[in-house]
Visitor: 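Please see the structure below; I have some questions.
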Amino acid sequence: MRVVIAGLFHAYKRQRVLDGVDLEFGSGVLGLLGPNGAGKTTLLRLLAGVLRPRTGLIEAGGHNLRTGEGRRDLRHELGYLPQDAALPPDMSPRDFLDYVGLLKGMAEPRERRHQADELIQRLGLALEADRRLGSLSTGTQRRVGVAQALMGQPRLILLDEPTAGLDLEERIRLRAVLGTLGEGRTVVVCTHLLEDVQAVCPEVAVLHMGRVTFSGPAADLTEIAADRAFELMQAPVSGDSGSSSSPLRKRVLADVPPPGARPVLPTMEEGYAALIRDLRRESTAE
Ligand code: ADP
């Protein structure tokens with residue numbers, strides 16, 4: 001599904017949160033990155049039709065989300081995991097998925113059951129499928145939240161911090177699922193974790209102070225730190241634990257090579273850090 005956003009603004013009361021967002025993307029997984037408060041959740045809410053866009057262009061699958069009709073029509077093709085999704089504590093994951101399927105217009109009980117079973121397997125929820133949602137860990141509830149977003153096989157999937165509250169093992173398992181979603185669908189994963197993006201998102205958009213400041217292949221983010229990533233050797237401090245006496249390697253990001261440092265290929269994390277540093281410098285210089 002093609003999504004086109006141009007000149008999109010949004011304000012809560014008088015606080016401007018989106019300040020002219022321009023972004024276009026199609027099928028595949030897009031990682032929406034940015035510091036806290038950058039406006040990621042707001043952009044996702046506008047795309048989900050939960051907030052009403054007042055200015056600019058925002059279209060998904062040809063639906064104009066400025067109109068009530070466009071927002072309603074998109075809902076039949078949308079899967080959405082909000083940031084603060086609260087699940088009904090007395091329902092089981094299996095019953096909840098069935099209920100969400102019904103809300104999404106899946107009239108056939110057998111089809112709902114089949115999809116719910118499939119998602120329970122896919123998200124590793126088999127042991128918890130019939131327990132009360134209220135009794136499950138935050139991480140398990142989050143996986144149920146992802147499963148409900150996938151019910152009804154939506155063409156546009158919006159996931160706000162899907163790995164929040166997950167332990168490392170759950171996070172790795174969920175990333176494996178997210179990595180498979182992009183075929184034939186448009187998926188936006190909003191996150192502040194670069195590891196999520198590295199693991200699952202071939203394309204990235206970085207939001208900073210309400211504007212898209214980078215969009216393109218995730219690998220291109222590393223370019224931003226080109227010629228600015230260095231490695232320094234430091235003698236181990238006496239009394240350090242460990243028996244090795246080899247020097248410690250420390251990576252630094254700098255405009256001018258520090259004495260004794262050697263240039264290294266930047267990582268994506270360093271590219272992102274360099275981008276945010278440049279933007280902060282620009283905004284304080286203005
Ligand atoms: P992010 O997801 O990147 O952290 P958000 O879209 O949640 O960013 O928030 C952007 C800014 O908008 C923040 O300063 C936040 O405090 C503010 N904000 C978010 N939601 C509301 C709201 N419902 N009412 C007022 N201000 C809000």
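Since this is a predicted model, take the numbers as computed values, not measurements. Residue numbers count from 1 along this sequence. We count ligands from 1, going down the list as the structure has it; atoms in each ligand are counted the same way.
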Visitor: Please list, in number order, the atoms of ligand 1 under 4.0 Å from a heavy atom of Pro35.
Guide: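 Ligand 1 atoms under the 4.0 Å threshold to Pro35: 3 (O).
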Visitor: Do Gln115 side-chain atoms and Gly152 backbone N/O form a donor-acceptor pair below 3.5 Å?
Guide: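 Yes; at least one donor-acceptor contact below 3.5 Å.
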Visitor: Short list, please: which atoms of ligand 1 are under 4.0 Å from a heavy atom of Ala38?
Guide: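 By the 4.0 Å cutoff, the relevant atoms are 1 (P), 3 (O), 8 (O).
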Visitor: Quick one: do Lys40 and Asp160 make a salt bridge, cutoff under 4.0 Å?
Guide: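 Answer for the salt bridge query: no.
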Visitor: Among Glu69, Glu77, His76, which residue meets the side-chain hydrogen bond (donor to acceptor under 3.5 Å, both in side chains) test with His63?
Guide: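 One option only clears the test, and that one is Glu77.
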Visitor: Backbone, side chain, both or neither: what part of Cys190 comes under 4.0 angstrom of ligand 1, heavy atoms only?
Guide: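 Near ligand 1, Cys190 shows nothing, with every heavy atom at 4.0 Å or more.
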Visitor: Provide, to 0.1 Å, the distance between atom 7 (O) of ligand 1 and the closest protein heavy atom, together with that atom's residue and name.
Guide: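 The closest heavy atom on the protein side is Thr41 CB, 3.5 Å.
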Visitor: Give the residue, atom name and distance (to 0.1 Å) of the protein heavy atom nearest atom 8 (O) of ligand 1.
Guide: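 Scanning the protein heavy atoms, the shortest distance from atom 8 (O) of ligand 1 goes to Gly39 N, 3.1 Å.
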Visitor: Does a sphere of radius 6.0 Å around CZ in Phe9 hold more than 12 heavy atoms from other residues, nucleotides or ligands, not counting ones at 6.0 Å or beyond?
Guide: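 Counting other residues, nucleotides and ligands, CZ of Phe9 exceeds 12 neighbours.
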Visitor: If you count the non-hydrogen atoms of other residues, nucleotides and ligands that lie under 6.0 Å from CG in Asp255, is the total more than 12?
Guide: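 Count over threshold, so yes.
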Visitor: For atom 19 (C) of ligand 1, what is the closest protein heavy atom, and at what distance to 0.1 Å?
Guide: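 The closest heavy atom on the protein side is Tyr12 CE1, 3.4 Å.
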Visitor: Which of the numbered atoms in ligand 1 are below 4.0 angstrom from a heavy atom of Asn36?
Guide: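 Result: 4 (O).
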Visitor: Start with the C-alpha gap between Glu170 and Arg143, add the side-chain angles, then the distance that decides, and say whether salt bridge (charged side-chain N to carboxylate O under 4.0 Å, His left out) holds.
Guide: CA-CA 9 Å; Glu170 288 176 319; Arg143 281 184 284 141; 3.1 Å; yes
Visitor: In terms of atom number and element, which parts of ligand 1 are under 4.0 angstrom from non-hydrogen atoms of Thr42?
Guide: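 Near Thr42, meaning under 4.0 Å from one of its heavy atoms, ligand 1 has 5 (P), 6 (O).
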Visitor: Among all protein heavy atoms, pick the one closest to atom 4 (O) of ligand 1 and tell me residue, atom and distance.
Guide: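 Its nearest protein heavy-atom neighbour is Gly37 N, 2.7 Å.
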Visitor: Taking the basic N atoms (NZ, or NE/NH1/NH2) and the acidic carboxylate oxygens, is any pair closer than 4.0 Å for Glu24 and Arg2?
Guide: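 Yes, charged N to carboxylate O under 4.0 Å.
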Visitor: Identify, for atom 14 (O) of ligand 1, the protein heavy atom at the shortest distance, and state residue, atom and that distance.
Guide: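 The answer is Gln15 NE2, 3.1 Å.
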Visitor: Under 4.0 Å from ligand 1, counting heavy atoms only, is it the side chain of Val17, its backbone, both or neither?
Guide: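 The side chain, only.
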Visitor: If the cut-off is 4.0 Å to any non-hydrogen atom of Lys40, which atoms of ligand 1 fall inside it?
Guide: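 Contacts of ligand 1 toward Lys40, numbered from 1: 1 (P), 2 (O), 3 (O), 4 (O), 6 (O), 8 (O).
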Visitor: Ignoring hydrogens, tell whether any protein atom lies closer than 4.0 Å to atom 16 (O) of ligand 1; use the non-hydrogen atoms only.
Guide: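 Under the 4.0 Å cut-off, atom 16 (O) of ligand 1 has no protein heavy-atom neighbours at all.
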Visitor: Using the side-chain contact (heavy atoms from CB on, under 4.5 Å) rule, pick out the option among Leu33, Val21, Asp19 that qualifies with Leu207.
Guide: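 Exactly one candidate clears the test, Val21.
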Visitor: For atom 27 (C) of ligand 1, decide whether some protein heavy-atom distance is shorter than 4.0 Å.
Guide: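 Within 4.0 Å: yes, protein heavy atom nearby.
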Visitor: Could you tell me whether Asp278 and Arg228 make a salt bridge, using a distance below 4.0 angstrom between a side-chain N and a carboxylate O?
Guide: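 Arg228 and Asp278: salt-bridged.
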